[in-house]
Amino acid sequence: MRSAEELIAPFHLAQGAPVVLAVSGGVDSMVLMHLLSTLPPARLSLTVATFDHQLRPSSAAEQQMVIAAATALGLPVRAGRWPRADQPQSGLEAAARSARYTFLKEVASASAARVIMTAHHADDQLETVLFRLARSGRLPAMVGMRPQRQWGELTVIRPLLALSKQSLIAYAKAHALTYCEDESNRDLRFARNRLRHDAVPALKAVNPGVLAHTARFSSDLAAVLTLADRQLRAMLPQDASEALDWTALTQEAPAVQALLLDTALDRWQVRVSPRVRSQVLSALNARQGTKRFAAASGRILIAAYGQLTVADSSPAALPAVLLSAAGRWYRVGQLTIGRFDRLPSGATFLAAVPDQPLTVRTRRPHDELQLADGHHQLLRRFFINQKIPQPERETRLVAALGDQVYWVQGIAPRQLFAGSQTDILQAVLALKSEAKDETTHE
Ligand SMILES: Nc1ncnc2c1ncn2[C@@H]1O[C@H](COP(=O)(O)OP(=O)(O)OP(=O)(O)O)[C@@H](O)[C@H]1O
């Protein structure tokens with residue numbers, strides 16, 4: 001068994017740092033408490049915290065056992081209890097855990113500690129990895145528990161994570177420590193306990209090194225994910241409000257595409273079912289047409305011509321209207337709009353446009369416009385620069401000839417067009433005055 005100083009060394013705890021030590025009375029936390037008591041008294045300022053969930057008849061006695069053992073080691077103890085009145089009918093395990101962590105946070109605050117130590121060990125880690133494999137399989141989850149994790153202002157550290165339960169039992173025996181066996185751990189109605197009972201022994205029988213291999217797997221995976229994250233950042237848009245451009249990704253292997261899509265969706269905090277996920281991938285790879293997909297919380301994904309965007313809610317899409325004939329008015333949503341050879345009296349000038357049938361519609365991925373300084377810009381980029389909110393980008397109307405946009409609803413015409421263009425733009429796009437265009441982005 002490594003010394004207490006060796007076990008805490010990776011966490012770089014300052015001399016005398018206040019630390020809350022969570023002790024349940026099980027062998028793991030009783031061993032950790034004993035180990036830490038062997039440190040020089042000034043090394044850490046420990047407070048033992050023990051919580052009675054009141055879920056088993058023996059729990060109060062176990063808490064007393066923890067208090068007695070801590071006191072015998074000269075450690076201050078704080079004891080908490082979960083009132084029965086607060087205990088829900090269902091979701092008991094999760095609620096118990098939450099009550100326990102609330103208590104640990106209170107103890108940390110009362111003892112000015114920023115660190116909470118728990119006694120999770122290598123067997124716990126193997127169970128966690130197996131459990132997550134069964135439940136999720138997503139790579140970040142497969143890392144299991146990290147030796148150190150940030151929890152708001154607090155840091156939770158697990159100095160025993162590399163040690164087997166067997167070695168902890170041996171330590172307890174060698175030092176004649178008392179501890180209790182949590183009989184709820186034997187309750188095979190809980191999935192975790194079934195893994196502990198069946199899968200873990202089976203794996204140890206295959207190879208006793210499985211705990212060390214799990215630790216290696218977890219730390220290698222965490223490292224690979226760190227590297228992958230750098231690569232993914234380079235491949236995905238910097239700004240989550242930008243579209244995900246799939247055009248360069250269609251040749252990637254399906255598994256790579258799936259990972260890229262998942263990462264983008266995670267960034268956008270969009271959740272979709274596996275079925276929708278594969279439909280989105282097919283739509284992106286087809287790079288044709290526009291498809292919308294419902295995501296959780298009323299959000300939608302829009303795959304259009306190889307670009308993926310997310311919108312907050314599904315705006316009723318306006319059908320595109322072709323201004324086929326010059327000199328007459330067309331109704332597009334709330335607007336009455338038309339193409340004329342000169343501005344009709346009482347009408348509002350929107351833009352100088354080519355004398356050809358224009359389409360009035362919402363945006364498409366390859367839309368481009370020419371700015372007043374003569375530069376061409378993707379409409380997508382223009383919307384970002386103008387700080388037009390994402391959902392609004394989906395509903396703003398544009399007048400376009402193919403991908404070339406001549407007018408954007410709400411944008412003053414002089415922002416969009418170079419003077420030198422006017423000689424080839426022979427018609428005017430006009431708005432009937434009764435429905436005035438709101439020019440909000442002068
Ligand atoms: N009743 C308790 N009082 C104080 N600390 C506890 C209590 N129960 C658990 N702990 C702390 O949490 C660690 C893990 O315990 P256990 O494996 O029973 O919990 P878990 O529910 O599996 O873990 P998690 O804390 O991740 O939910 C223990 O080693 C101990 O440090």
Side-chain angles (χ1 to χ4, degrees), residues 7-8 19-36 46-56 58-67 69-70 75-83 86-87 91-108 111 113 115-132 135 141 143-151 154-165 167-169 171-172 177 179-187 190-197 200 218:
L7 288 170
I8 64 168
V19 170
V20 172
L21 175 60
V23 181
S24 62
V27 65
D28 44 7
S29 50
M30 294 300 275
V31 166
L32 182 58
M33 180 165 78
H34 188 269
L35 270 166
L36 294 174
L46 289 168
T47 301
V48 171
T50 180
F51 193 64
D52 179 2
H53 297 106
Q54 298 205 93
L55 293 174
R56 288 177 287 112
S58 57
S59 66
E62 287 166 15
Q63 192 176 56
Q64 286 310 314
M65 191 250 334
V66 172
I67 294 170
L75 299 172
V77 195
R78 295 282 303 272
R81 178 180 299 153
W82 196 23
D86 291 356
Q87 301 179 4
L92 200 59
E93 249 192 313
R97 182 178 194 275
S98 161
R100 176 166 82 242
Y101 275 91
T102 302
F103 166 71
L104 292 175
K105 201 184 233 177
E106 283 163 11
V107 177
S111 51
V115 176
I116 295 174
M117 255 188 214
T118 63
H120 293 96
H121 48 72
D123 288 64
D124 290 331
Q125 180 72 308
L126 176 55
E127 284 163 25
T128 302
V129 168
L130 292 175
F131 186 68
R132 293 186 182 177
R135 281 284 174 92
V143 169
M145 291 179 278
R146 310 240 180 186
Q148 175 167 341
R149 86 172 160 102
Q150 212 51 41
W151 182 39
L154 298 170
T155 308
V156 178
I157 64 176
R158 300 169 167 129
L160 303 185
L161 203 53
L163 302 184
S164 67
K165 181 161 184 176
S167 69
L168 300 179
I169 293 171
Y171 181 98
L177 303 184
Y179 59 86
C180 41
E181 200 67 69
D182 178 350
E183 70 253 28
S184 70
N185 283 344
R186 287 193 226 115
D187 188 337
F190 297 120
R192 283 290 290 263
N193 294 344
R194 287 202 300 276
L195 288 172
R196 184 174 308 158
H197 191 261
V200 170
S218 169

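Computed from a prediction, not measured in an experiment: that's the story for all the values here. Residues take their numbers from the sequence shown, with the count starting at 1. When a ligand or atom number is given, it counts from 1 through the structure's own listing order.
When only non-hydrogen protein atoms are considered, atom 31 (O) of ligand 1 lies nearest to A22 O, 2.7 Å. If you check which protein heavy atom lies closest to atom 22 (O) of ligand 1, you get R192 NH2, 4.4 Å. The protein heavy atom nearest to atom 1 (N) of ligand 1 is F51 O, 2.8 Å.
Only the side chain of D28 comes within 4.0 Å of ligand 1, counting heavy atoms alone; its backbone N, CA, C and O stay farther away. No part of L21 comes within 4.0 Å of ligand 1, judged by heavy-atom distances.
Checking atom 16 (P) of ligand 1 against the protein gives no heavy-atom contact under 4.0 Å. Within the 4.0 angstrom cut-off, atom 3 (N) of ligand 1 has one or more protein heavy-atom neighbours.
For F51, the ring-ring contact (aromatic ring centres under 6.0 Å, His included) partners are H53, F103, not counting sequence neighbours. Applying the side-chain hydrogen bond (donor to acceptor under 3.5 Å, both in side chains) test to Y171 and every residue at least two apart in sequence or in another chain returns H34.
More than 12 heavy-atom neighbours from other residues, nucleotides or ligands sit within 6.0 angstrom of CZ on R192.
Between the R78 side chain and the V107 main chain, no donor and acceptor come within less than 3.5 Å of each other. Under a 3.5 Å cut-off, the side chain of Q125 and the backbone N or O of M145 do form a donor-acceptor pair.
A 4.5 Å side-chain heavy-atom check between L36 and M117 finds at least one atom pair inside the cut-off. Looking at heavy atoms from C-beta onward, L160 lies in side-chain contact with L35 at the 4.5 angstrom threshold. Looking at heavy atoms from C-beta onward, L154 lies out of side-chain contact with L104 at the 4.5 angstrom threshold.
Taking distance alone, with nitrogen or oxygen atoms compared against 3.5 Å, A119 approaches ligand 1 more closely than that limit. Any N or O atom pair closer than 3.5 Å counts here, and Y101 shares at least one such pair with ligand 1. Checked by distance only, ligand 1 and H120 come closer than 3.5 Å through their nitrogen or oxygen atoms.
Closest heavy-atom approach to atom 20 (P) of ligand 1 within the set R78, R97, R100, M145: this belongs to R100.
Atom CZ of R158 is separated from atom NE2 of H121 by 12.0 Å, given to the nearest 0.5 angstrom.
Ligand 1 places these atoms under 4.0 Å from at least one heavy atom of A49: 4 (C). Using a 4.0 Å cut-off to heavy atoms of T118, the atoms of ligand 1 that qualify are 31 (O). Proximity to H53 (heavy-atom distance under 4.0 Å) selects the following atoms of ligand 1: 1 (N).
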